[in-house]
Amino acid sequence: MAGGYRVACDRISDGELKPGSQTARLVILAAGSLGSTELLLRCRDEHAGLPNVSQRLGHRWSSNGDFLTPAIYAFRAVEPTRGPTITSAINLLDGTVDGQEIFIEDGGFPDLAKGAMERLAGRPGATEQETALIEGVRWLVRLRLFDSIMPWFAQGRDASDGVLSLRDKKLFLDWDVETSEPTIEAILRTHQKLAMATGGAAIVPPAWAWSQDLITPHPLGGAAMGTSASDGVVDFRGEVFGYRNLFVSDGSIVPKAIGLNPSKTIAALAEHVAARIIAEGR
Ligand SMILES: Cc1cc2nc3c(=O)[nH]c(=O)nc-3n(C[C@H](O)[C@H](O)[C@H](O)COP(=O)(O)OP(=O)(O)OC[C@H]3O[C@@H](n4cnc5c(N)ncnc54)[C@H](O)[C@@H]3O)c2cc1C
């Protein structure tokens with residue numbers, strides 16, 4: 001199609017996935033920080049369909065400083081299984097804690113997670129490990145141990161210097177802990193202080209203590225918004241530099257950690273991208 005794009009995709013037909021393709025004058029990619037970055041990397045480096053996408057593709061990736069510290073309350077039932085997961089926050093994004101910009105939240109164990117685990121355990125073909133995990137969780141629930149564990153949550157403005165690339169045809173994250181360590185340690189110290197002040201004892205998560213591994217539900221960046229292809233992948237409209245009418249609209253265009261739960265920022269960016277497309281009559 002002249003001036004447009006052909007998108008290879010699977011189509012659902014008679015309950016089966018069949019390879020297909022779709023042509024379009026305008027394409028909006030919205031597969032998330034990892035998904036959109038991976039698709040663009042494959043289009044640029046594997047299939048050469050978009051060979052001129054910025055060399056900054058994959059850069060400025062962040063885990064948004066996400067961190068969880070469990071704390072045990074031996075003499076107090078904190079009941080994190082009741083109510084919504086996050087109900088309050090302490091905004092320390094002004095750098096009060098050792099110059100690090102962090103945002104502390106109360107956590108919880110949502111009923112939804114319990115239901116999902118029950119379904120996982122009950123589904124045909126559940127692995128032994130899955131079943132053992134669920135049994136372990138059921139045992140903790142029966143002993144009411146969850147009532148005494150408070151998961152402290154946090155986000156922070158980390159270094160946002162992770163780099164996603166393709167290695168052996170798989171998405172690979174290059175992330176150096178050193179530059180983000182001060183942010184994570186500031187969060188951990190604050191969690192420890194808050195737990196102690198409220199009658200709890202914080203446990204440093206083993207994954208962090210032993211190997212400085214992190215888990216994030218808030219991946220950001222990879223196809224960052226910038227002023228030109230030398231510092232970003234998309235412009236202020238979300239349009240890929242060098243590719244008219246190819247837009248990215250998801251967490252991959254957020255150019256650095258925002259240190260907050262990001263879904264509303266991502267939604268606001270999506271509205272902004274849509275408004276520009278309409279306003280410019282694309
Ligand atoms: C457990 C959990 C709890 C969370 N709680 C909160 C919260 O309380 N508040 C908050 O602000 N944020 C929360 N978040 C984060 C929030 O959900 C994400 O930041 C947000 O959804 C990211 O939006 P997105 O559009 O970038 O990507 P997504 O919402 O991940 O959307 C990307 C979509 O693209 C699809 N996709 C990926 N690859 C492909 C492909 N190759 N082809 C086709 N489709 C593809 C995915 O299946 C997905 O549907 C939470 C996340 C998790 C995991």
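Computation of the quantities below employed the complete heavy-atom set of this structure, encompassing side-chain atoms and omitting hydrogens, waters and symmetry-equivalent molecules. In listed order, ligands and their atoms are each counted from 1. Please read all numbers here as calculations on a predicted model, not as lab measurements.
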Please check atom 27 (O) of ligand 1 for a protein heavy-atom neighbour under 4.0 Å. yes
Name the closest protein heavy atom to atom 33 (C) of ligand 1, giving the residue it belongs to and the distance to 0.1 Å. A30 O, 3.7 Å
Are there over 12 heavy-atom neighbours, none belonging to L26, within less than 6.0 Å of that residue's CG? yes
Atom 19 (O) of ligand 1: the protein heavy-atom neighbour that sits closest, reported with distance to 0.1 Å: P262 CG, 3.4 Å
With ILVMFWY side chains joined below 4.5 Å, transitively, what does F75's cluster contain besides itself? none
For atom 22 (C) of ligand 1, find the nearest protein heavy atom and state the residue, atom name and distance (0.1 Å precision). I266 CD1, 3.6 Å
Tell me the protein heavy atom at minimum distance from atom 25 (O) of ligand 1, and give that distance in Å. D250 CB, 3.5 Å
Would you say that more than 12 heavy atoms from the other residues, nucleotides or ligands in this model lie under 6.0 Å from the CD of E271, or not? no
Just to be sure I'm reading this right: ignoring hydrogens, which of S263, G222, P217 gets closest to atom 51 (C) of ligand 1? Compare them by their nearest heavy atoms. P217
Pairing residues for D94 by the side-chain hydrogen bond (donor to acceptor under 3.5 Å, both in side chains) criterion, not counting sequence neighbours: T96
Among non-hydrogen protein atoms, atom 37 (C) of ligand 1 lies closest to A31 O, 3.4 Å
side-chain contact (heavy atoms from CB on, under 4.5 Å) test vs L57 passes for just one of V240, L50, L164, L40, namely L40
Would you call the rings of F67 and H191 parallel, tilted or perpendicular, where under 30° means parallel and over 60° means perpendicular? parallel
State whether the shortest distance between N or O atoms of G251 and N or O atoms of ligand 1 falls below 3.5 angstrom. yes
Tell me whether atom 30 (O) of ligand 1 lies less than 4.0 Å from at least one protein heavy-atom position. no
For ligand 1, the portion of S252 having any non-hydrogen atom under 4.0 Å away: neither
Judged by heavy atoms only, the candidate from E105, H218, E38 nearest atom 6 (C) of ligand 1 is H218
When you check the gap from the basic side-chain N to the acidic O, do K170 and D168 get nearer than 4.0 Å? no
Tell me, yes or no, whether the heavy-atom count around R282 atom CZ, taken from other residues, nucleotides or ligands under 6.0 Å, exceeds 12. yes
Full working for side-chain hydrogen bond (donor to acceptor under 3.5 Å, both in side chains) between W208 and E185: CA-CA 10 Å; W208 178 251; E185 287 294 337; 3.1 Å; yes
For the pair D158 and T183, evaluate side-chain hydrogen bond (donor to acceptor under 3.5 Å, both in side chains) and give the outcome as yes or no after the intermediate values. CA-CA 6 Å; D158 62 15; T183 312; over 6 Å; no
Specify whether the nearest protein heavy atom to atom 47 (O) of ligand 1 is under 4.0 angstrom away. no
One thing to verify: whether E239 and R276 come together as a salt bridge, which I'm taking to mean a side-chain N less than 4.0 angstrom from a carboxylate O. no
Any non-hydrogen protein atom less than 4.0 Å away from atom 44 (N) of ligand 1: no
Ignoring hydrogens, just give me the one of I86, I215, T265, N261 whose non-hydrogen atom is nearest atom 9 (N) of ligand 1. N261
Are any non-hydrogen protein atoms located under 4.0 Å from atom 14 (N) of ligand 1? yes
Short check: is a protein heavy atom less than 4.0 Å from atom 3 (C) of ligand 1? no
Hey, which atoms in ligand 1 end up nearer than 4.0 Å to a heavy atom of G32? 26 (O), 27 (O), 32 (C)
Determine, considering heavy atoms only, which of L29, D10, I253, L39 sits nearest to atom 40 (C) of ligand 1. L39
